[in-house]
Visitor: 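Let me give you the structure first, and then I'll get to my questions.
Naming: A, B, ... by sequence-line order, numbering from 1 per chain.
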There are 2 protein chains.
Amino acid sequence: MNYSKQREAMLKILCGTKTHPTANEIYLEMRKADPKISLGTVYRNLALLTETGTIMRIDTNHDSVHYDGCTDTHYHFICEKCGKVYDLRLEPLKLKAEVEAEIDCEVSDHMLIFYGKCSKCKSL
Amino acid sequence: MNYSKQREAMLKILCGTKTHPTANEIYLEMRKADPKISLGTVYRNLALLTETGTIMRIDTNHDSVHYDGCTDTHYHFICEKCGKVYDLRLEPLKLKAEVEAEIDCEVSDHMLIFYGKCSKCKSL
DNA sequence: AATAAATACAGTAATCGTTATTGATTTGAC
DNA sequence: GTCAAATCAATAACGATTACTGTATTTATT
């Protein structure tokens with residue numbers, strides 16, 4: 001993979017926020033510095049960085065895909081009202097061996113998401 | 001919600017299989033018995049039944065949304081090669097209180113998905 | 001049973017997130 | 001610097017899902 005300043009900028013944005021932006025939000029943010037950036041470029045580089053494990057893809061079940069610059073194993077809470085994605089500090093699960101034993105597979109990753117109402121939305 | 005034979009048939013299909021079909025697969029299956037069924041009807045009823053908690057929506061992160069007629073708490077393994085969804089018999093997690101304490105929220109549900117290669121695909 | 005209101009339907013058009021294509025530009029090895 | 005490979009911007013195409021419209025079915029009321 002060759003260097004590109006667009007990908008560099010994208011990674012900087014993703015690692016510098018905890019907001020778990022969507023492709024479009026990243027696009028809007030990148031346009032501030034580079035108004036000529038293309039949405040296609042955003043998608044292509046999100047796919048590339050996800051593939052190499054540099055960033056993490058979060059499929060929320062509720063709206064479009066979110067991305068996280070932090071790839072340490074951690075889990076998320078998603079508010080069903082406002083759609084915001086929150087980081088959790090739960091201990092990583094240790095179920096890989098159990099799953100592999102049960103259905104004879106090779107587990108490479110897992111994803112745990114909690115749904116409900118966040119602090120702000122539950123009091124409305 | 002009024003009765004409809006289309007929704008009845010859909011529920012029967014979903015509860016009678018462990019294949020976790022997509023909206024389109026359900027549509028194709030339903031057309032066998034009722035060639036006039038509309039894809040819009042399938043989507044509308046999937047949304048209705050998901051909302052009432054009668055069925056379960058599985059967002060695989062890899063292709064379009066799958067549905068499960070079994071709503072008992074259980075988890076899934078998804079093969080990154082062939083896309084097939086497998087049921088797991090893991091013990092339900094008990095992390096609701098912990099999550100609610102950590103970020104002051106109201107957890108109503110959670111979803112745990114393992115990714116990797118299934119038995120068939122790992123040996124290719 | 002007849003009627004009316006609410007709900008659901010089939011069929012189809014529109015929307016929206018994402019992917020693919022194109023020809024121009026940038027990067028990196030020589 | 002030269003050239004092939006990788007990346008880009010711009011835009012068209014795609015596929016899953018949603019919205020719309022006029023018709024049919026269901027349910028409640030008489």
Visitor: Is there a side-chain contact between A:Asn24 and A:Ser64 (heavy atoms, below 4.5 Å)?
Guide: no

Visitor: Atom OH of B:Tyr27 to atom P of D:dA16: distance rounded to whole Å?
Guide: 13 Å

Visitor: Could you walk me through whether B:Lys18 and B:Asp68 satisfy the salt bridge (Lys or Arg N to Asp or Glu O under 4.0 Å) test, starting with their C-alpha distance in whole Å, then the side-chain angles of each, then the deciding distance to 0.1 Å, before giving a yes or no?
Guide: CA-CA 7 Å; B:Lys18 289 178 179 172; B:Asp68 193 336; over 6 Å; no

Visitor: Quickly work out the A:Leu48 CG to D:dT7 P distance and round it to whole Å.
Guide: 6 Å

Visitor: Is B:Leu46 reachable from B:Met1 through a run of I, L, V, M, F, W or Y residues, each pair having side-chain heavy atoms under 4.5 Å apart?
Guide: no

Visitor: Quantified as the angle between the terminal helix axes (five pairs each), what is the overall bend of the helix from C:dA1-D:dT30 to C:dC30-D:dG1 to 10 degrees?
Guide: 40°

Visitor: Check side-chain contact (heavy atoms from CB on, under 4.5 Å) between B:Ser38 and all other residues, then give those that pass, not counting sequence neighbours.
Guide: B:Thr41

Visitor: Short of 4.0 Å, heavy atom to strand atom, which residues of residues 11-19 of chain B count as contacting DNA chain D?
Guide: none

Visitor: Going 5' to 3' along DNA chain C, between which two nucleotides do contacts with chain B fall, using a heavy-atom cut-off of 4.0 Å?
Guide: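 Counting from the 5' end, contacts occupy C:dT7 to C:dG11.
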
Visitor: Does anything in residues 76-90 of chain A pair up under salt bridge (charged side-chain N to carboxylate O under 4.0 Å, His left out), and if so which pairs, sequence neighbours excluded?
Guide: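 Salt bridge (charged side-chain N to carboxylate O under 4.0 Å, His left out) check on residues 76-90 of chain A returns A:Arg89-B:Glu102.
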
Visitor: By nearest heavy atom, map B:Val65 and A:Ile37 onto DNA chain D; which one lands nearer the 5' end?
Guide: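 Whichever sits nearer the 5' end wins; that is A:Ile37.
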
Visitor: Which residues pass the side-chain contact (heavy atoms from CB on, under 4.5 Å) test with B:Leu11, not counting sequence neighbours?
Guide: B:Cys15, B:Leu49, B:Thr54, B:Ile55

Visitor: Check whether any side-chain heavy atom of A:Leu90 sits under 4.5 Å from a side-chain heavy atom of B:Leu95, and report yes or no.
Guide: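 In contact.
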
Visitor: Could you list the residues that satisfy ring pair (Phe, Tyr, Trp, His ring centres under 6.0 Å) with B:Tyr43, not counting sequence neighbours?
Guide: none

Visitor: Looking for any heavy atom pair under 4.0 Å, which part of the strands does B:Asp63 touch: base, sugar-phosphate only, or nothing?
Guide: nothing

Visitor: List in chain and number order the residues that pass ring pair (Phe, Tyr, Trp, His ring centres under 6.0 Å) with B:Tyr67, two or more places apart in sequence or in another chain; answer none if no residue qualifies.
Guide: none

Visitor: Does any pair with a residue in residues 56-67 of chain A pass salt bridge (charged side-chain N to carboxylate O under 4.0 Å, His left out), and if so which ones, sequence neighbours excluded?
Guide: A:Arg57-A:Asp59

Visitor: Between A:Tyr75 and B:His110, does the ring centroid distance fall short of 6.0 Å?
Guide: no

Visitor: Just grab all the salt bridge (charged side-chain N to carboxylate O under 4.0 Å, His left out) pairs involving residues 3-17 of chain A, residues at least two apart or on different chains.
Guide: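 Applying salt bridge (charged side-chain N to carboxylate O under 4.0 Å, His left out) to every pair that reaches into residues 3-17 of chain A, excluding sequence neighbours, yields nothing.
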
Visitor: Can you name the side-chain contact (heavy atoms from CB on, under 4.5 Å) partners of A:Val85, sequence neighbours left out?
Guide: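 A:Val85 satisfies side-chain contact (heavy atoms from CB on, under 4.5 Å) with A:His20, A:Ile58, A:Thr60, A:His66, A:His76, A:Ile78 once adjacent residues are dropped.
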
Visitor: Rounded off to whole Å, could you give me the CD-to-C1' distance for the A:Gln6 and D:dA10 pair?
Guide: 14 Å

Visitor: When we call it a touch if two heavy atoms are under 4.0 Å apart, what does A:Asn24 touch: a base, just sugar-phosphate, or nothing?
Guide: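 If one applies the 4.0 Å heavy-atom cut-off, A:Asn24 turns out to touch nothing in the nucleic acid.
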
Visitor: Do the side chain of A:Ser38 and the base of D:dA10 come within less than 3.5 angstrom through a donor-acceptor pair of N or O atoms?
Guide: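 Yes, the side chain and the base share a sub-3.5 Å donor-acceptor pair.
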
Visitor: Strictly under 3.5 Å: I want the nitrogen or oxygen pairs between protein and nucleotides 18-28 of chain D, one per line.
Guide:
unit_1: D:dT27; atom_1: OP1; unit_2: B:Tyr3; atom_2: N; d: 3.1

